[in-house]
Amino acid sequence: MPVQYYIFLSIALFCIGVMGVLMRRNAIIIFMCIELMLNAVNLLMVSFSKMWADAGRVDAGSAQLFVFFIMVVAAAEVAVGLAIITMVYRNTHSVDINILNRLKN
Amino acid sequence: MVLSVVALVSALGVVLSKNPVTSVLCLIVTFFTIAGHYIMMNAQFLAVVHIIVYAGAIMVLFLYVLMLMNLNAELEPQKRNWLKYAGAISGGALLVVLVAALRDASMPALSTNATDIGLIKNLGMILFKQYVVPFEVSSILFLSAMIGAVVIGKKE
Amino acid sequence: MLTVLLILIPFIAGLIAFGLKGSGPKVLGMISSLATVVIAIGSWCRFRTAPDSLNFVANWIPQLGSQFHVGLDGMGVMLCLLTAIASLLVFITIYNRNYEKANVFYGLMLLSQAGLTGVFTAFDALQFYIFWELALIPVYFLCSLWGGEKRIAVTFKFFVYTFLGSLLMLIGIIYLYSQTPDHSFSWASFTSMQVNPEDQKWLFWLFFVAFAIKMPVFPFHTWQPDTYEQSPTPVTMILSGVMVKMGLFGVIRWLLPVLPQGAAMWSDVAIVLCIIGIIYASCIAMVQNDLKRLIAYSSIAHIGLMCAAIFANNEQSLQGIMVQMFNHGINIIGLWIIVEVIQNRLGIKNLDQMGGMAQKAPRMAIFLVIISLANIGLPLTNGFIGEFLMFSGLFQYNHWFMAFAGLGIILSAVYTLGMIQKVIFGEGNELTATTTDLQPGETLALSLVVIMIIVLGVYPKPMLDLVSGTSEVVSKLF
Amino acid sequence: MNALISTALSGVVLMFVGLFVRNKQHIKFFAIAAILIAFIANLAQYPAVEHGGYIMYGMIEVTKFGVLFNAVALGATLLYFLLSGSEFEKVGEHVADYFALIFFILAGISLATSFSNLLMLFLAIEIMSIPQYILAGADKKSLKSNEASLKYFLMGSFSTGILLMGITLIYGAAGTFDISGLGLGAESVHPLALCGIILMVFALAFKVSAVPFHFWTPDVYDGSPTVFTSFMSTVVKAGGFVAFLRMFHSSFAGGNISEHWTLILSIITAATLVLGNFSAVFQQSVKRMLAYSSIAQAGFMLFAIVAMNNRGAEGIILYAAAYSIATIGVFAVLMKLKDYTFEGFNGLARKQPLLAGAVAVFLFSLAGIPVTAGFFAKYFVLSAAIEHGHILWLVLIAVLCAAISVYYYFRVIIAMYFKQGEPEVEAVSGGFKAALVLAIALVLVLGLFPNLLLCWL
Amino acid sequence: MINLVWLVPFLPLLGFLVNGLGRRFLSKSLVGFVGSGAVLASFVISLLIFLEVKAPGFSAQTVHLFDFISVGSLQIPFAFQVDQLSALFLLVITGVGTLIHIYSTSYMHEESDESFARYFAYLNLFVFSMLILVLGANYVMMFIGWEGVGLCSYLLIGFWFKNTSYNNAAKKAFVMNRIGDLGFLIAIFFMIMQFGTVTFPEVFAKAAPLGMNNGIITAIAMLMFVGAMGKSAQIPLYTWLPDAMAGPTPVSALIHAATMVTAGIYMIARSNVIYTLAPHIQTVIAVIGLATALFAASIALKQNDIKKVLAYSTVSQLGYMFLALGVGAYGAAVFHVMTHAFFKALLFLGSGSVIHAMGGEQDIRKMGGLRKFMPTTAWTFFVGCLAIAGIPGFSGFFSKDEILAEAFANNPVLYVLGLIGALMTAFYMFRLYYITFSGKFRGTHEQEHHLHESPAAITIPLVILAVLSVIGGYVGLPEVFGTKNMLAEYLAPVFAPSAPFAVEHHLSHNTEWLLMGVSSVLVIVFILLARQKFTKFEDAGQESTGLAKVLENKWYIDELYDTIIVKPLYELSRFFRDVVEKAGIDKLVNGVGRGVQWGGQQIRLVQNGQVGFYIFAMVIGMILLFVIGFLL
């Protein structure tokens with residue numbers, strides 16, 4: 001299976017994530033779509049890792065570790081993000097991002 | 001191949017489903033398909049971690065928050081549809097542009113040979129030898145996330 | 001060291017003046033400006049015997065190749081003298097006025113003097129730029145704090161306009177700097193290198209626009225009448241007497257020697273702009289009812305001639321413009337002193353409401369007539385020498401340019417005499433009937449002006465000799 | 001390295017201090033002491049790296065430049081603590097936590113100055129960002145603060161996704177994460193690498209709030225508690241620039257590759273300058289004006305990156321210092337006022353001459369008037385661009401925009417000096433005044449002798 | 001003595017300074033004494049110098065005072081040149097000047113102390129300037145005096161500065177002079193460019209080799225003539241001179257009749273080499289001179305202001321002088337300058353005496369029969385009229401006939417037209433004389449009561465000038481009378497350099513006699529005609545029509561200038577001020593500012609507060625930049 005295939009698959013997933021970010025107004029769903037984007041990246045990273053491993057690079061495992069770190073960061077982000085969303089919900093009783101436009105111009 | 005199709009369809013499901021809970025479930029399906037890919041590419045450890053962290057922890061957290069906020073019903077009003085279409089179109093355009101950009105890249109095919117880099121032992125060696133600094137540094141990240149959760153979540 | 005003192009004395013005096021109360025700032029201003037006049041004259045004497053001793057070089061930012069290099073050549077001596085005399089005249093004139101927050105007023109005046117002197121003595125491009133900007137700041141505050149009704153908007157326009165011009169110049173300076181072989185900002189390395197003619201083509205405009213805004217040359221002049229009108233008159237004196245000379249000075253010191261081919265390429269365009277400016281400004285001056293605006297436009301016309309003469313660039317025109325820088329400074333300051341007197345007595349600037357002041361204030365009337373005549377370049381006044389040489393130089397450059405510029409001679413007579421007539425002649429009215437004649441301070445200042453007008457008009461040789469060196473240098477480099 | 005360790009430890013210590021010390025003043029003193037220690041520790045490393053970098057596991061490379069930049073960032077933070085440290089308690093209860101978060105951000109910045117692996121870059125940027133999301137939302141009761149936090153968070157995560165995509169694609173082309181070994185400057189450009197670099201440009205442009213990735217900036221800076229805006233818009237932003245600079249100058253410079261992203265980045269720069277300056281013109285609130293002005297200033301700093309020469313690096317340091325000091329100073333005075341609009345400044349010069357004078361000096365510096373540090377900052381970035389040679393059009397735009405910037409900066413000066421009014425000002429302490437004088441002195445000294453800072457480079 | 005020539009202008013300058021600075025404390029008599037004394041002393045010195053110069057074999061001498069302008073190779077010294085021409089002018093200026101100063105002490109006596117002193121200061125300054133003009137050893141010096149006299153003329157016309165119309169007249173005079181001055185100035189620049197010098201002998205020496213009809217010489221000649229047009233009130237720049245009568249009458253006598261207005265003639269006579277080399281310009285000069293002579297004379301026919309008549313007559317006489325210059329008769333022109341100075345000063349002073357007696361009245365229709373009240377004035381005035389009309393034996397006869405004879409030699413048409421002018425001159429002068437002095441008094445009773453002969457300070461100069469008007473002509477007695485033309489011989493060295501280029505015209509003595517006879521007879525006829533018509537003049541008070549009205553309104557030239565030059569110029573200026581400046585450039589500049597504000601207002605709307613939109617815009621930006629950076 002060519003790497004190209006994985007590239008296009010990840011890009012497709014990535015763009016679906018972007019699309020979701022653009023189309024949805026629910027902050028949580030947007031956040032989920034961002035997670036989808038990150039996972040697309042992860043997938044691509046793993047396929048490149050495999051690619052370079054095939055090419056005989058010894059340190060190809062570092063890409064998998066990178067994925068690991070992305071997961072770590074994603075977890076941290078989720079913690080903060082959900083806290084923020086909860087805080088906003090507490091104050092506005094909504095997670096619709098369009099309700100928030102006090103700050104403009 | 002099948003996995004890929006399922007991944008794409010369920011990803012679209014995340015974006016398009018009206019019910020947030022359905023979205024969450026679709027996302028979980030996507031995660032599983034991605035994990036399948038990991039296994040296909042000999043990244044066994046990652047596949048496991050992926051299932052545990054994403055499908056297990058993170059998505060449950062999402063689901064929990066959704067339930068907590070009682071957002072399982074569709075709440076988004078249907079006004080300003082053009083933004084949706086514009087979003088879809090521009091997302092599609094981004095896809096087209098990226099594909100066009102990467103079309104010419106001549107890449108090797110992945111061999112079906114199993115490699116052992118994805119084994120937990122090898123990864124552990126790299127992590128604690130070469131990647132010890134980021135490992136330590138990520139603790140700062142967690143600390144700040146922790147403080148953040150406290151600062152923001154704590155009632156006054 | 002003398003040169004440094006010329007900057008340092010007003011600078012320190014300015015800082016001290018902020019802290020003084022009562023008539024302290026006044027006295028300090030007098031002392032400081034008198035001291036600078038003395039030093040400027042001293043440096044003139046020194047210039048004749050040992051010109052090199054007027055240079056002062058100190059390390060400043062060695063990594064950039066920038067030095068603190070002040071020095072004086074003939075033109076520098078002359079302009080420093082003008083600056084010093086100008087502030088002395090201003091201080092003498094306003095000695096009896098009581099300004100609100102006098103300490104700030106005098107402090108800023110002295111600081112602007114320091115900045116101006118800095119511009120005229122800088123032999124390092126970066127330093128030149130810095131002083132160029134610094135001279136502007138105190139003036140900005142002076143105008144905005146003590147000006148007329150529309151002062152804020154007007155001075156702001158002035159500030160932004162000149163700031164934009166100087167930024168363009170900064171680009172030019174940096175570009176030239178990057179071209180110098182020894183990576184230095186010094187005047188010597190700027191002038192000794194050969195800039196690629198293609199580059200000179202556009203570099204010229206970067207510098208010229210900056211200088212043209214300052215002078216101002218048509219069509220960059222619209223800030224000027226407004227600013228002159230709205231500024232407090234003492235500041236206008238500095239502005240029109242000395243500050244506009246910065247632009248002319250810049251062209252002579254930095255533009256012509258550094259970008260000779262660029263200047264040669266564009267000199268026709270520049271001169272045509274200047275000539276349009278002369279005729280245009282003269283025409284507008286003819287139909288002005290506001291005294292300050294009238295003088296402002298007349299100044300545009302005069303500066304237009306000077307700028308045209310620079311680009312004609314031969315020995316006569318260059319020497320002419322240099323003496324004229326000094327002489328125009330003296331004359332226009334004299335005129336502004338009279339405006340200040342009129343405004344102080346009548347509180348108005350509208351010419352239609354004046355008239356008949358010759359009866360109540362004959363001394364002022366005489367001074368006005370003499371200074372105005374000097375301003376239109378009557379022979380045996382100082383204005384004639386410069387104009388004669390400039391026109392002669394311009395004529396040698398191009399007959400037709402001179403002929404059109406010469407129309408300015410006629411028009412200047414029209415509006416200047418019109419102004420005299422409206423201000424001092426005629427029957428007078430209730431308002432002007434209350435006028436009183438000059439106070440001693442004003443008389444002293446105006447007498448000094450008139451003495452300089454006559455002496456320099458009859459015997460201009462020392463002044464011509466003073467600047468001949470500079471003009472030779474410039475025309476050789478060109 | 002020392003900076004990283006000391007700031008991270010200080011952060012942890014302050015967390016615990018918050019548990020045991022109730023007096024908020026004392027917490028502030030702890031923080032000031034900690035930052036001083038970090039400052040000194042950082043400088044202590046200078047002799048070691050003076051003649052070559054110090055490399056750690058291929059992850060971190062401490063250089064002279066990094067140490068110097070850390071010194072600027074830590075110094076600016078010190079000034080910030082001195083001027084605005086007491087404002088923290090007005091935001092909320094968790095004063096110690098705020099300080100801790102700021103120290104963590106500083107740790108992220110010191111990482112950004114010294115990373116030598118893409119993973120470290122990623123972590124550095126996240127460490128800088130996550131605490132900011134929290135600080136932006138620190139005022140939990142304020143809807144504006146909530147909104148700022150959520151906006152920042154959503155857009156920040158989005159840009160993280162883009163950054164990661166970029167890194168992945170670059171990895172796909174290069175097979176390594178080591179920034180010195182990427183080897184992308186070769187004659188033929190791999191499409192994956194190019195695509196990745198462009199995506200990284202976008203992500204980093206987001207961090208430094210360059211157009212069109214700037215949208216979070218005004219809203220977040222406006223909505224966040226002012227005291228944190230002050231920090232976020234200065235030190236943190238400068239940190240983003242350093243990461244940008246380090247990344248692009250060490251890996252993507254030279255060869256064919258730089259042509260592509262230089263073009264994109266110069267377009268971004270031009271757009272940033274124009275939009276930042278134009279938008280600032282019509283603002284009513286000084287705080288929001290400063291937010292836009294930070295975009296505009298970012299446009300100038302981008303020159304240094306576009307130019308890719310040593311002068312640019314010098315420029316970034318000087319610019320970071322000048323800009324941080326001046327903005328922190330203006331914010332410090334702003335926080336003493338009740339009214340953040342321009343009218344709120346009316347007549348300040350009469351009532352508080354020192355405050356007004358300080359603001360005037362800082363604004364002169366921001367506008368780039370000579371004898372203030374801002375002049376040389378602008379000078380260096382402009383000369384970097386001019387030496388580069390091919391982006392003179394950009395320089396012209398920059399100059400026009402600089403003239404526009406005078407407009408909104410001088411609105412404040414006009415309000416303070418030339419308009420009548422009775423501004424409501426909080427009482428200011430002697431310490432505050434002393435710190436203000438220190439800041440003025442810094443601005444002027446750097447404006448006269450920029451080599452005092454640059455001679456270390 | 002010649003080395004002391006600087007005293008000649010210096011003394012009046014001293015007088016100016018004393019009177020100007022001391023105007024507050026000096027008494028009238030002291031002021032008068034200082035003013036007149038300074039000029040008188042100058043006259044004495046001039047006389048001594050003249051005697052030296054008159055000696056045969058005298059060649060021009062230059063007295064170098066100091067370097068005025070020295071720039072590179074261009075050296076313009078402050079130096080005086082004493083030769084036959086300047087010595088003659090010195091005499092005329094200081095001589096007539098002295099008389100007028102003396103006259104003024106009485107005439108201006110009613111002014112306040114301060115104005116009186118101011119008047120004498122101006123007058124002295126004028127004499128100083130005029131002396132600089134004629135003494136200057138180079139064109140720049142001449143230009144200094146040239147502008148200086150213009151200034152004094154301005155100051156003296158506007159002497160009564162409360163009156164706005166006087167001020168306007170003064171301004172007009174100055175501006176019109178400046179138009180001419182510009183021409184002169186450009187001529188000087190041509191010299192500097194071409195010859196590198198402006199000193200007379202050097203210029204002439206360098207001009208001669210260029211030969212006839214050289215372009216540059218022609219240009220110089222034309223431009224200098226433009227200057228002369230302004231100063232000497234020739235068409236088209238003459239209109240200021242009649243207006244200049246606003247000044248005190250002695251001023252009109254001195255400046256606007258005897259001295260300043262002849263500066264143009266002096267200049268051309270001085271530059272005779274250049275003009276001889278440019279025959280085309282000579283033709284132009286002759287035509288313009290003749291046209292002016294006729295035109296002004298026609299206007300003078302119908303003027304009723306005593307001074308206006310004299311003013312137009314002056315313009316007309318100046319036209320004759322230019323005619324002479326145009327036909328190459330430089331000597332004749334100078335001769336006429338001299339005689340004209342005598343009789344025109346006499347006439348003006350006489351009219352001043354009349355005005356003085358009439359209490360300021362200048363309209364001749366309100367006078368009449370003054371002969372019996374002021375006999376001295378009347379007979380001296382009559383002598384003046386005879387002189388100007390050219391009755392044989394009087395000075396005007398010799399000078400005018402010399403001009404007409406030279407004109408005839410050049411072209412008979414010029415002679416005929418010149419003669420017509422001369423006839424008109426005779427007619428209007430005697431019209432003036434008879435209306436004023438004969439018949440019966442038409443003024444008010446109060447005026448009649450006040451009528452009296454003027455005091456001695458006024459009448460003595462009148463008498464002296466009358467004598468000079470009679471005998472002044474004998475210095476230039478033409479050769480027909482069997483004597484040598486003393487003046488021509490005296491002046492010959494001045495015109496010698498141009499002699500090689502000049503075309504010689506020779507008239508036989510018979511022709512000359514014939515011409516003299518014709519003109520004398522016709523003049524006498526016209527005088528009798530005037531006597532016939534105007535001795536019993538009654539003011540009918542009716543509106544004149546047709547040509548008479550046109551003449552009364554001076555051919556509507558002022559109105560014409562007003563419509564085609566002044567008004568459009570002011571319209572243009574207003575257009576510049578209101579449209580180009582305010583609505584154009586300034587608006588553009590402000591518009592940029594406003595545009596920035598407007599742009600700011602619009603651009604900030606992009607920041608609409610919606611996160612969705614923000615991310616959308618970011619994505620769009622990414623796509624665009626991708627396209628630019630990658631695919632292009």
Side-chain angles (χ1 to χ4, degrees), chain B residues 11 14-15 27 34 37-38 41 43 46 54 58 62 65 69 87 90-91 94-110 115 117 123 125-156, chain D residues 1 4-5 7-9 11-12 14-15 18 56-60 91-94 96-98 100-105 107-108 111 115 117 119-120 122-124 126-135 137-138 140-141 146 149 153 165 169 172-173 177 190-196 198-199:
Chain B
V14 177
V15 175
L27 192 56
I34 289 175
H37 278 110
Y38 288 171
M41 288 184 285
L46 269 189
Y54 273 107
I58 293 182
F62 270 102
V65 172
M69 293 176 184
S90 54
L94 187 66
L95 178 63
V96 170
V97 169
L98 282 173
V99 168
L102 298 176
R103 191 187 50 212
D104 302 334
S106 57
M107 304 298 289
L110 292 181
T115 51
I117 51 159
L123 287 179
M125 292 300 282
I126 303 176
L127 179 62
F128 290 110
K129 277 186 169 171
Q130 202 185 341
Y131 277 65
V132 66
V133 176
F135 184 76
E136 296 294 339
V137 164
S138 58
S139 63
I140 303 177
L141 192 70
F142 270 105
L143 268 180
S144 49
M146 192 185 83
I147 297 180
V150 172
V151 166
I152 288 189
K154 195 178 168 191
K155 274 207 163 172
E156 283 175 21
Chain D
M1 198 59 215
L4 175 63
I5 295 168
T7 47
L9 282 180
V12 177
L14 269 164
M15 260 170 68
M56 194 179 186
Y57 290 106
M59 291 290 152
I60 286 179
V91 177
E93 285 296 308
H94 311 273
D97 293 337
Y98 304 149
L101 286 172
I102 283 180
F103 275 105
F104 289 146
I105 294 178
L111 211 50
F115 66 89
N117 188 297
L119 177 58
M120 295 310 283
F122 169 58
L123 286 177
E126 284 306 309
I127 294 177
M128 280 156 68
S129 301
I130 288 183
Q132 284 193 79
Y133 304 150
I134 302 160
L135 289 178
K140 283 180 284 182
K141 291 286 177 330
N146 285 186
S149 177
F153 171 71
M165 190 50 136
L169 291 174
F177 293 112
H190 199 291
L192 281 182
L194 182 51
C195 204
I198 294 176
L199 286 174

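When reading the values below, keep in mind they use all heavy atoms of this one structure, side chains included, and skip hydrogens, waters and symmetry mates. A note on names: the letters A, B, ... follow the listed sequences, proteins ahead of strands, and every chain is numbered from 1.
- Using a 4.5 Å cut-off between heavy atoms, D:F177 touches chain B through its side chain atoms alone.
- The backbone N or O of D:I134 sits nowhere less than 3.5 Å from a side-chain atom of D:S149 that would complete a donor-acceptor pair.
- Looking at D:I105, there are no atoms closer than 4.5 Å to chain B (heavy atoms on both sides), in backbone or side chain.
- Of the two parts of D:I198, neither the backbone nor the side chain holds a non-hydrogen atom closer than 4.5 Å to a non-hydrogen atom of chain B.
- Pairing each heavy atom of D:L135 with each of D:Y98, the nearest pair is CD2-CD2, 4.1 Å.
- With a 4.5 Å cut-off on non-hydrogen atoms, D:L192 touches chain B through its backbone and its side chain both.
- With a 4.5 Å cut-off on non-hydrogen atoms, D:L119 touches chain B through its side chain but not through its backbone.
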| request: Could you walk me through whether B:I140 and D:L111 pass the side chain to side chain contact (heavy atoms under 4.5 Å, CB included) test, one step at a time? | output: CA-CA 11 Å; B:I140 303 177; D:L111 211 50; over 6 Å; no

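- Between the D:N146 side chain and the D:K140 main chain, a donor and an acceptor come within less than 3.5 Å of each other.
- For the residue pair B:Y131 and D:N117, the shortest heavy atom distance occurs at OH-ND2, 4.1 Å.
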